[in-house]
Protein chains: 2
Amino acid sequence: MGIRLLIVDDHHVVRRGLVFFLKTQKDIEIVGEAKNGREAVNLVKQLQPDVVLMDLVMPEMDGIQATREIKQCLPKTEIMMLTSFSDQDHVIPAIEAGAAGYQLKDIEPDELVSSIRKLVKGENTLHPKVTNHLLKRINKSEPSPHEVHQLTHREKDVLLELTKGKSNKEIASALFITEKTVKTHISNVFTKLEVSDRTQAALYAVKHGLASH
Amino acid sequence: MGIRLLIVDDHHVVRRGLVFFLKTQKDIEIVGEAKNGREAVNLVKQLQPDVVLMDLVMPEMDGIQATREIKQCLPKTEIMMLTSFSDQDHVIPAIEAGAAGYQLKDIEPDELVSSIRKLVKGENTLHPKVTNHLLKRINKSEPSPHEVHQLTHREKDVLLELTKGKSNKEIASALFITEKTVKTHISNVFTKLEVSDRTQAALYAVKHGLASH
DNA sequence: TTTCTTATCAGTCAAGAGTCTGAGTAAGAA
DNA sequence: TTCTTACTCAGACTCTTGACTGATAAGAAA
């Protein structure tokens with residue numbers, strides 16, 4: 001019996017490439033392809049593959065959210081992240097969402113295959129860079145870069161305007177409130193995000209995908 | 001005689017995928033692979049391929065710079081950009097650098113092949129989204145988003161520190177100059193980038209890939 | 001040589017940013 | 001009802017920013 005695999009990537013050429021290569025492996029059976037997270041979730045429910053090869057950044061729904069939903073419905077499905085991002089801000093949420101593997105796209109194809117095989121045996125395979133981040137994370141036991149989610153609705157509104165490069169006065173008139181109120185919200189945002197000025201807040205926001213980078 | 005093709009992409013799986021697929025095409029001969037711009041330039045000089053399939057974002061040297069250098073040495077080499085970025089800030093410089101084709105990675109593989117064939121016949125093939133940008137660009141004839149390149153070396157240094165969220169004082173001690181000098185540089189950066197404060201400058205920098213986003 | 005560019009620094013000044021304290025209102029939870 | 005949270009606003013105060021003017025020195029280009 002082969003490994004039933006679902007491929008998820010928004011780029012057609014990448015999917016086609018993976019299919020072409022993985023088809024040469026006798027013990028792997030590609031049961032389907034999806035071009036975004038939403039499609040992936042639906043197809044997983046329908047096809048119940050053993051392993052999902054999941055891209056991270058995709059339109060409609062990203063790989064993190066898709067992983068979360070898949071692990072909720074069908075927790076025995078193994079998710080292997082395959083992406084080009086190796087920074088903490090992508091790695092940690094992916095692992096937290098339930099990905100059992102995390103490989104970078106510069107991986108040797110042969111290694112990719114062997115890590116897929118390890119995955120079904122219950123072994124987790126992470127790229128060295130990724131492992132590094134995890135260790136750092138555990139050692140420091142950071143409060144997690146999720147402060148954005150602790151922002152209130154209004155604070156997010158203000159932050160969004162801020163990331164457009166607007167001044168307090170401009171934000172005030174955009175949201176129909178006074179400059180004083182804007183200042184209050186912004187101060188709160190700063191403490192929640194643990195930054196000390198608007199530039200840092202704006203950079204934080206675009207880095208963590210809050211703004212329309 | 002087949003089309004001699006060089007594949008340039010920093011992701012191994014992408015390269016492998018393209019090779020696997022393109023090998024099925026009888027009139028295409030893959031003469032080599034490169035994993036960054038610098039390798040690409042060297043290999044082009046050595047192998048003299050007809051067409052280069054070029055990724056945009058790569059370590060060491062990006063696709064734009066590589067295209068520029070290749071077109072300078074061997075102008076008859078046709079460059080096809082194959083990337084996932086369809087925004088103006090990537091498209092325009094690529095075209096200006098001398099790329100004759102620009103396709104997105106979500107292209108149908110068959111279409112990719114046919115656009116490669118068109119390329120050697122001298123026909124330019126651009127993705128519809130890309131064409132759109134070009135038309136807009138011509139109509140508006142914008143001053144071009146290239147102000148970054150007009151920055152002096154020192155101004156770039158300062159801007160880089162700025163995009164780390166540092167204050168003028170912090171930038172000053174990081175670069176071993178006074179705060180006054182930092183202010184001077186920053187003011188110059190603002191006028192060149194046509195922004196009015198540091199937040200906008202920082203956002204501009206990360207958007208245009210100057211910082212280590 | 002002269003001119004231009006770049007990098008350095010200073011002084012002044014107005015405006016903006018950010019903090020702190022305090023306070024009123026509305027909605028929802030306990 | 002009471003308590004809490006979110007949103008709103010104000011005054012006072014400090015510090016940072018950014019513009020403007022002007023100056024010096026080194027090096028490249030004309």
Side-chain angles (χ1 to χ4, degrees), chain A residues 143-208 210-213, chain B residues 65 72 143-208 210-211:
Chain A
S144 103
H146 281 53
E147 296 90 351
V148 207
H149 304 310
Q150 294 174 359
L151 296 184
T152 68
H153 186 73
R154 208 54 173 161
E155 284 161 358
K156 281 181 193 168
D157 288 345
V158 173
L159 181 54
L160 187 68
E161 296 300 317
L162 197 158
T163 58
K164 293 176 188 167
K166 293 185 180 178
S167 69
N168 289 343
K169 194 177 287 183
E170 288 170 326
I171 296 173
S173 58
L175 300 179
F176 304 106
I177 53 180
T178 64
E179 207 182 326
K180 298 282 181 184
T181 308
V182 174
K183 281 189 172 186
T184 306
H185 287 314
I186 284 189
S187 275
N188 293 334
V189 170
F190 289 170
T191 49
K192 287 188 185 177
L193 260 44
E194 293 178 35
V195 299
S196 52
D197 61 51
R198 58 178 48 231
T199 305
Q200 288 175 16
L203 292 168
Y204 184 101
V206 296
K207 238 187 180 176
H208 294 73
L210 191 136
S212 58
H213 78 292
Chain B
Q65 184 58 29
Q72 206 159 18
S144 107
H146 280 53
E147 296 88 351
V148 208
H149 303 310
Q150 295 175 357
L151 296 183
T152 67
H153 185 72
R154 208 51 172 163
E155 284 161 359
K156 281 181 194 168
D157 288 345
V158 173
L159 181 54
L160 187 68
E161 297 300 317
L162 197 157
T163 59
K164 293 176 187 166
K166 293 185 181 177
S167 69
N168 289 342
K169 194 177 287 184
E170 288 169 326
I171 297 173
S173 57
L175 299 179
F176 305 106
I177 53 180
T178 64
E179 207 182 327
K180 298 282 180 184
T181 309
V182 174
K183 281 188 173 187
T184 306
H185 288 312
I186 284 189
S187 275
N188 293 334
V189 170
F190 290 170
T191 49
K192 286 188 184 177
L193 261 44
E194 292 178 34
V195 299
S196 51
D197 61 52
R198 58 177 47 231
T199 306
Q200 289 174 14
L203 292 169
Y204 184 101
V206 298
K207 239 187 181 176
H208 295 73
L210 191 134

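Proteins come first, then strands; the chains are lettered A, B, ... in the order of their sequence lines, and each starts at number 1. Keep in mind that this is a model prediction, so the values were computed, not measured. Heavy-atom basis, side chains included; hydrogens, waters and symmetry copies ignored.
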Nearest whole Å is fine: how far is [N] [atom2] from [X] [atom1]?
| X | N | atom1 | atom2 | value |
| --- | --- | --- | --- | --- |
| H185(B) | dG18(D) | NE2 | P | 15 Å |
| D197(B) | dA15(C) | CG | C1' | 12 Å |
| L162(A) | dG16(C) | CG | P | 15 Å |
| F190(A) | dC20(C) | CZ | P | 13 Å |
| N168(A) | dC9(D) | CG | C1' | 14 Å |
| K156(A) | dA6(D) | NZ | C1' | 14 Å |
| E179(B) | dA7(C) | CD | P | 19 Å |
| L151(A) | dT5(D) | CG | C1' | 15 Å |

Practice item. Map E155(B) and R198(A) onto DNA chain C by nearest heavy atom, then report which one ends up closer to the 5' terminus. Key: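 Nearest nucleotide further toward 5': that of E155(B).
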
Review point. When all nucleic acid strands are considered with a 4.0 Å heavy-atom cut-off, which category describes T181(B): base, sugar-phosphate, or nothing?
Key: base

Check your understanding: CG/L159(A) to NZ/K156(A) distance, rounded to the nearest 0.5 angstrom?
Key -> 10.0 Å

Check your understanding: Distance from K164(B) atom NZ to L162(B) atom CG, nearest 0.5 Å?
Key -> 11.0 Å

Do the side-chain N or O atoms of [X] get closer than 4.0 angstrom to the phosphate oxygens (OP1, OP2) of [N]?
| X | N | value |
| --- | --- | --- |
| S187(A) | dT19(C) | yes |
| T152(A) | dA6(D) | no |
| H153(B) | dT6(C) | no |

Exercise for review: Specify the residues of residues 170-177 of chain A, ordered by number, for which at least one heavy atom lies under 4.0 angstrom from an atom of DNA chain C.
Suggested key: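 None - not one residue of the stretch has a heavy atom sitting under 4.0 Å from the strand.
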
Between [X] and [Y], is there a donor-acceptor pair closer than 3.5 Å when you use the side chain of the first and the backbone of the second?
| X | Y | value |
| --- | --- | --- |
| R198(A) | K166(A) | yes |
| T191(A) | N188(A) | yes |
| S187(A) | T184(A) | no |
| E161(A) | I171(A) | no |

Review point. Can you find a donor-acceptor N/O pair under 3.5 angstrom joining the side chain of T184(B) to the base of dC9(C)?
Key: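 Check passes, donor-acceptor contact within cut-off.
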
**Study point:** Quiz item: K180(A) side-chain donor-acceptor pair to dG11(D) base, under 3.5 Å
**Key:** yes

Point to revise | Nearest-nucleotide comparison on DNA chain D, the residue closer to the 5′ end among N188(A) and K183(A) | key: N188(A)

**Study point:** Closest approach of R154(A) to L175(A) (non-hydrogen atoms, all atoms of both residues)
**Key:** NH2-O, 3.1 Å

